[in-house]
There are 2 protein chains.
Amino acid sequence: MAQTSVSSNPRRTSSRHAGLDRDDVVEAALLLVDEGGPEALTMRRLAGKLGVATTTIYWHVGSRDDVVDAVIRRHGERQAEHAVSGDTARQRVMSVARHLRDEALAHRGITRLAELHGETSVLNEHLEVAMARELTTAGVVGEDARDALRAILICVGGFLVVAMRNEAAIPPDHSRTAVWSRVDDPNVDPSTRLALTTQVDLPVLFERTVQAIVDTHVPEA
Amino acid sequence: MAQTSVSSNPRRTSSRHAGLDRDDVVEAALLLVDEGGPEALTMRRLAGKLGVATTTIYWHVGSRDDVVDAVIRRHGERQAEHAVSGDTARQRVMSVARHLRDEALAHRGITRLAELHGETSVLNEHLEVAMARELTTAGVVGEDARDALRAILICVGGFLVVAMRNEAAIPPDHSRTAVWSRVDDPNVDPSTRLALTTQVDLPVLFERTVQAIVDTHVPEA
DNA sequence: GGAAGTATGTGACAGTGTTCAAGACAGCAG
DNA sequence: CTGCTGTCTTGAACACTGTCACATACTTCC
């Protein structure tokens with residue numbers, strides 16, 4: 001257990017000091033990712049934040065991949081239980097889907113890290129369980145529940161990818177609106193071409209699309 | 001226009017030779033990504049493949065980001081027109097969605113590169129136009145068509161993320177099935193928990209899920 | 001022939017992940 | 001108290017990455 005903060009300890013060559021442990025490293029890494037995204041997590045930067053050498057990170061946690069795993073797991077454990085709302089099973093499932101999206105966007109750095117490492121299930125375990133619970137209550141069980149859960153999560157994931165896309169990093173002539181500004185296909189309605197140069201209302205489209213999927217899996221109450 | 005292949009030209013220090021041009025560089029880069037994924041595309045590796053110095057790449061194309069843009073645009077231009085099949089508008093839109101997924105998975109290295117750089121619209125321009133064409137034919141135009149196109153593409157994208165996930169790179173205890181093997185929530189039906197430790201049939205779920213979205217946007221013929 | 005442009009190269013810089021070898025401190029048994 | 005073992009730390013180095021300054025050779029044009 002840390003008795004003093006790391007940063008207050010004077011640093012001596014090859015000097016051992018009290019207090020730095022694995023949790024300190026993982027917490028510092030989590031903050032780096034939460035604030036600056038996956039790219040902000042480098043071993044030198046993390047070591048600098050902790051006031052130690054990179055080798056200390058390797059000792060306490062391991063490689064960068066090990067640090068990433070630990071960050072995702074730690075954040076996943078922190079996912080708050082939320083009050084599911086709604087009168088019908090469909091509404092309750094939608095409630096969980098919205099919460100999953102909102103949590104993901106509130107911590108988009110961690111979400112992108114989990115996505116890059118294919119570990120979104122670790123991150124979202126509590127919410128996936130919550131959704132499975134609602135499906136059970138709705139009478140959707142077994143492989144039907146598995147398919148429902150997968151389909152909803154895949155769709156929510158698709159929306160997250162788009163919502164988290166850093167538009168500023170895309171060359172202006174490669175953005176969706178730029179691409180469609182150049183399209184001149186007479187078989188595409190002009191009002192469609194015009195509309196496709198404008199931004200879509202993602203939250204509205206999210207509601208409509210996820211609801212459509214929920215409706216095919218969850219019976220009407 | 002290249003008269004001789006690059007690899008057959010003898011190399012002299014600071015020697016200029018005929019034949020290497022921008023297209024050669026972009027083609028070589030495309031092959032690297034197609035075969036080895038985004039991580040395989042390094043400036044040194046690309047230069048080695050072409051038998052030139054990295055500065056030659058910078059001269060002909062530009063930075064790595066410029067090379068990436070060129071690769072995505074080149075591949076996008078190559079997207080084959082495909083025969084849309086189906087008797088109804090809904091079937092025809094589904095046909096385009098399937099083709100988009102199949103093309104993406106056939107060139108998953110390029111797909112992942114485009115996704116990482118947020119440039120999937122450049123890659124899929126022809127297929128997005130094809131889908132917009134089918135929507136026009138179905139009487140879905142303007143903002144309705146924009147929303148339909150977005151929703152379908154977002155969902156297909158979600159499936160692609162899952163389909164392209166490199167399961168081998170995920171720590172065994174962080175995979176979805178491992179996560180669900182540990183879940184022991186009494187409010188989740190046991191058959192659901194069991195089902196969630198097994199693999200979902202992605203193509204079947206794709207059909208059902210995308211169809212559900214198409215059905216909410218495209219009227220029944 | 002000389003200037004300007006084109007097309008190539010070497011070597012270096014700054015940053016990254018990772019590890020070797022070494023040192024300092026803590027705990028424990030004798 | 002001493003010596004051994006384990007724990008926790010370090011500096012330096014390695015290999016790899018993207019990028020660029022500067023130099024050289026060739027081509028084109030007047």
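Note: hydrogens, waters and symmetry copies are ignored here, and every other heavy atom, side chains too, is used. Numbered from 1 within each chain, the chains take letters A, B, ... in sequence-line order.
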Could you state the [atom1]-[atom2] distance from [X] to [N], rounded to the nearest angstrom?
| X | N | atom1 | atom2 | value |
| --- | --- | --- | --- | --- |
| B/Tyr58 | C/dT10 | OH | C1' | 15 Å |
| A/Asp66 | C/dG17 | CG | C1' | 12 Å |
| B/Ile57 | D/dC20 | CD1 | C1' | 15 Å |
| A/Leu50 | D/dC8 | CG | P | 15 Å |
| A/Leu46 | C/dG15 | CG | C1' | 16 Å |
| B/Trp59 | C/dG5 | CH2 | P | 10 Å |

> Does A/Arg112 come within less than 4.0 Å of A/Glu39, counting only side-chain N to carboxylate O?
Replying inline: yes

> Does A/Arg208 pair with B/Asp147 as a salt bridge, N-O distance under 4.0 Å?
Replying inline: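 No, A/Arg208 and B/Asp147 are not salt-bridged.
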
> With the sugar-phosphate defined as primed atoms, P, OP1 and OP2, and the base as all remaining atoms, what B/S/- string results for nucleotides 12-17 of chain D, 5' to 3', for protein heavy atoms under 4.0 Å?
Replying inline: -B---B

> Hey, does A/Arg73 have a side-chain heavy atom less than 4.5 Å from the side chain of A/Glu119?
Replying inline: no

> Are A/Arg101 and A/Phe159 in a cation-pi setup, meaning NZ or CZ lies under 6.0 angstrom from the ring centre and within 45 degrees of the ring axis?
Replying inline: no

>> Pair B/Asp34, B/Arg108 - check salt bridge (Lys or Arg N to Asp or Glu O under 4.0 Å), show working.
In response: CA-CA 7 Å; B/Asp34 216 11; B/Arg108 62 188 62 208; over 6 Å; no

> In Å, rounded to the nearest 0.5 Å, how long is the span from CG of A/Leu32 to NZ of A/Lys49?
Replying inline: 5.0 Å

